[in-house]
Structures are given as structure tokens and as C-alpha cells.
Number of protein chains: 2
Amino acid sequence: MSHPLDTVFAALADPTRRQILTMLLEDDMAVTDVAQPFDISLAAISKHLLVLSASGLITQEKRGRVKWCKLDPNAMRAASVWMQGFGQFEPIHLDAFERFLDQELNQS
Amino acid sequence: MSHPLDTVFAALADPTRRQILTMLLEDDMAVTDVAQPFDISLAAISKHLLVLSASGLITQEKRGRVKWCKLDPNAMRAASVWMQGFGQFEPIHLDAFERFLDQELNQS
DNA sequence: GGCTTATTCAACCAATCGGTTGACGAAACG
DNA sequence: CGTTTCGTCAACCGATTGGTTGAATAAGCC
């Protein structure tokens, strides 16, 4: 019975889990493949993935004997929105938007 | 020897600490005043504030016998940038930017 | 000087966390 | 069929966490 943001931020607080998330950014992965770059046990990785899916940061789908892990952007978006709600700093991706803006302005 | 994001996200994972941060959004506060809305001990609040300042989310300055707590946006910005670096979702404040964009495009 | 207020320190506690190991279940291979 | 591969489960471990209390420090007030 804890706030969703509790579990999302807690999940993000661990460097192994953050690295897993960045790996999943490239492509969906099976549990064993996720574990490959780390030198901790497969069981430990399995637990990390459980934490990530419990927080909603990833989803897991079992096809045959392999379980596929994929990013689910919703939870991280919620956390990001909470932060932005703070309004203490300029919106991110300003650069990208300015480039886009320049492009739009100069093409006509 | 942990990554800065470890401590920032860990600090954000606690609802009491997040509430303290939102309180500090209104104004700087003394430790005792921070503690007032919570029904946990002052010592517990003091520890929470230590966690927040260790992570860089707030700074504390002692003037006389009272210690003032104020938000420091840098740490949260770093965390927000990390999230946005994921690029899995539209940048927040898109609305504001689109309004700005429209304005720029239509004024010439 | 003596009381009061502000805050931290120190010791303790139960619960959670990140990791291990070994056994287990279930799907694929030959 | 037997074996290998994929992944989880269960029990355990030491460290950390969020809380408590009571004492200690330090600054302001009358």
C-alpha cells in the first residue's frame, strides 16, 4: 500500500537496475541475456527484474521457456512529471527543441 | 563511493522526504517547522533532512540556533536529465513549447 | 545565571535489501 | 527418453533503513 512513486524511485536508486533499463532501451531482452554483462548470480538479476516490473518500469512476457523483458515508459513518465511539477528548472531537451524550432523557422 | 543518482533516487523514494521537498518548494524552512506536519519524532525528521542534503536535493545553513533548509535544484535536474536521456516519452512542457513554436511561426 | 528552544547524537530495534547457494519446474533438443 | 537450458523459489546472510528514546550541545531570553 505504498505510493507508486515510492517503488519507481526505489527501483531507480540501484545502479544495476538503471543499467538494465538502459540495456532495454536498445532492445527487448531475455532474462539470461540481461544477466550476461553482470557478474552477479542469475537469481540476483531475476530479483532486480522483479523489482523493475513491480514498479511498472518494465513488463515481462513469457514465450516458451524464455521470459522477455521490455521497457514500459509509463512509470518513468509519472516520475518525470512529478519532478517537472517542481518547476525548479528549465524543461529538458531544450536543445532538441531549439534545433527543431530553427529548422521550422528557416525552411519556409 | 556510489553514483550520485543512487542517492538522489533513494532520497526521492521516501514519501516523507518527497513531502518535505514539496513543502520547501513554498519557502525555506527551519528543521522544527519542517517537522511540524508529521507525527514522527524530530530526530527522524533530522535524519530525513540529512539524507536529502547528502543527496544534494537540499542545502542546510545554520543561522543562530536554527538551521534553515532550502531546495537545491541541481540534483533533481540531474535525475530528470537522466530520465529524459531515455527519450521514451515526450518532453514535459511540450504544450508550452508548442505554444511558443506556434507563436514564432505565425508572427512573421 | 537559569530556563527554554532548536537540533543533533548515540544506542537500539524490527524490517527491508542485495546478494549468495542449492534445489526445483518447465520447455527445448537430439 | 535423457539432457540441457531458462528461470524461479527458498533459505540464509550481512548491511542498510526508518523509526524510537534519552541525553547532550548550543543559542536566545528574562
Side-chain angles (χ1 to χ4, degrees), chain A residues 1-24 27-71 75, chain B residues 1-24 27-71 75:
Chain A
M1 309 304 138
S2 59
H3 195 281
L5 287 182
D6 291 8
T7 58
V8 173
F9 283 128
L12 292 175
D14 186 274
T16 301
R17 287 192 292 258
R18 285 199 308 277
Q19 189 178 334
I20 291 174
L21 290 175
T22 62
M23 287 163 55
L24 290 177
D27 206 354
D28 300 354
M29 296 180 82
V31 173
T32 307
D33 296 330
V34 169
Q36 196 265 327
F38 301 96
D39 59 349
I40 61 180
S41 69
L42 183 62
I45 294 292
S46 183
K47 283 190 189 177
H48 279 304
L49 291 171
L50 185 67
V51 171
L52 287 172
S53 73
S55 73
L57 284 162
I58 69 168
T59 57
Q60 290 181 290
E61 183 198 355
K62 195 154 144 196
R63 276 203 302 269
R65 70 179 156 172
V66 356
K67 200 174 196 175
W68 292 92
C69 309
K70 76 179 295 179
L71 277 179
Chain B
M1 311 299 144
S2 58
H3 195 281
L5 286 183
D6 291 8
T7 59
V8 173
F9 283 128
L12 292 175
D14 186 275
T16 300
R17 287 192 294 259
R18 285 198 309 275
Q19 190 178 331
I20 291 175
L21 290 175
T22 62
M23 288 163 56
L24 291 176
D27 205 355
D28 300 355
M29 297 179 83
V31 174
T32 306
D33 296 329
V34 169
Q36 196 266 327
F38 301 95
D39 59 348
I40 61 179
S41 70
L42 185 62
I45 294 292
S46 183
K47 283 191 192 176
H48 279 304
L49 290 170
L50 185 68
V51 171
L52 287 171
S53 74
S55 73
L57 284 163
I58 69 169
T59 57
Q60 288 181 292
E61 183 198 354
K62 194 154 146 197
R63 276 202 301 271
R65 70 180 155 170
V66 355
K67 200 174 196 175
W68 293 92
C69 308
K70 78 178 294 180
L71 277 180

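Residue numbers start from 1 in every chain, and the chains themselves are labelled A, B, ... in the order their sequence lines are given, proteins ahead of strands.
Judged purely by atom type and a 3.5 angstrom limit, B:R17 has no side-chain atom pairing as donor or acceptor with the backbone of B:L12.
Following rounding to the nearest Å, B:R63 (CZ) and C:dT5 (C1') show an atom-to-atom distance of 17 Å. Rounded to whole angstrom, the span from the NZ atom of A:K67 across to the P atom of C:dA26 amounts to 14 Å. Atom NE2 of B:H48 is separated from atom C1' of C:dT7 by 16 Å (rounded to the nearest Å). If you take CZ of B:F38 and P of C:dT7, they are 15 Å apart, rounded to a whole angstrom. Atom CH2 of A:W68 and atom P of D:dG7 are 9 Å apart (whole Å). Atom C1' of nucleotide C:dA10 and atom CG of B:L50 are separated by 14 Å, given to the nearest angstrom. Taking atom CG of B:L42 as the reference point, atom P of C:dT8 lies 8 Å away to the nearest angstrom. Straight-line distance from the CE atom of A:M29 to the P atom of D:dG7: 11 Å, rounded to whole Å.
Put simply, the side chain of A:K62 and the base of D:dG7 share no donor and acceptor less than 3.5 Å apart. A donor and an acceptor atom sit less than 3.5 Å apart, one in the side chain of B:R65 and one in the base of C:dT5.
Interatomic distance, B:M23 CE to B:Q36 CD, rounded to the nearest 0.5 Å: 8.0 Å. One finds the CG atom of A:L52 at 11.0 Å from the OG1 atom of A:T59 (value rounded to the nearest 0.5 Å).
Put simply, B:S41 has a side-chain N or O that comes within less than 4.0 Å of OP1 or OP2 on D:dT20.
The side-chain heavy atoms of B:V31 and B:Q60, taken from C-beta on, include a pair separated by under 4.5 Å. Here the side chains of A:I40 and A:H48 are in contact, with some heavy-atom distance below 4.5 Å.
Of the candidate nucleotides D:dG18, C:dC9, C:dT7, C:dC9 has the atom nearest to the side chain of B:A43. When each of C:dA6, D:dT8, D:dG19 is scored by its nearest atom to the side-chain atoms of B:V66, the top-ranked nucleotide is C:dA6. Nearest to the side chain of B:K47, among D:dG18, D:dG19, C:dG19, sits D:dG19. Relative to the side chain of A:T32, the nucleotides D:dC6, D:dG19, D:dT8 differ in distance, and D:dC6 lies closest.
Both B:D33 and A:A44 sit near DNA chain C, but only B:D33 has its closest nucleotide nearer the 5' end. The nearest heavy atom of DNA chain C to B:S46 and to A:T16 marks one nucleotide each, and the one closer to the 5' end goes with B:S46.
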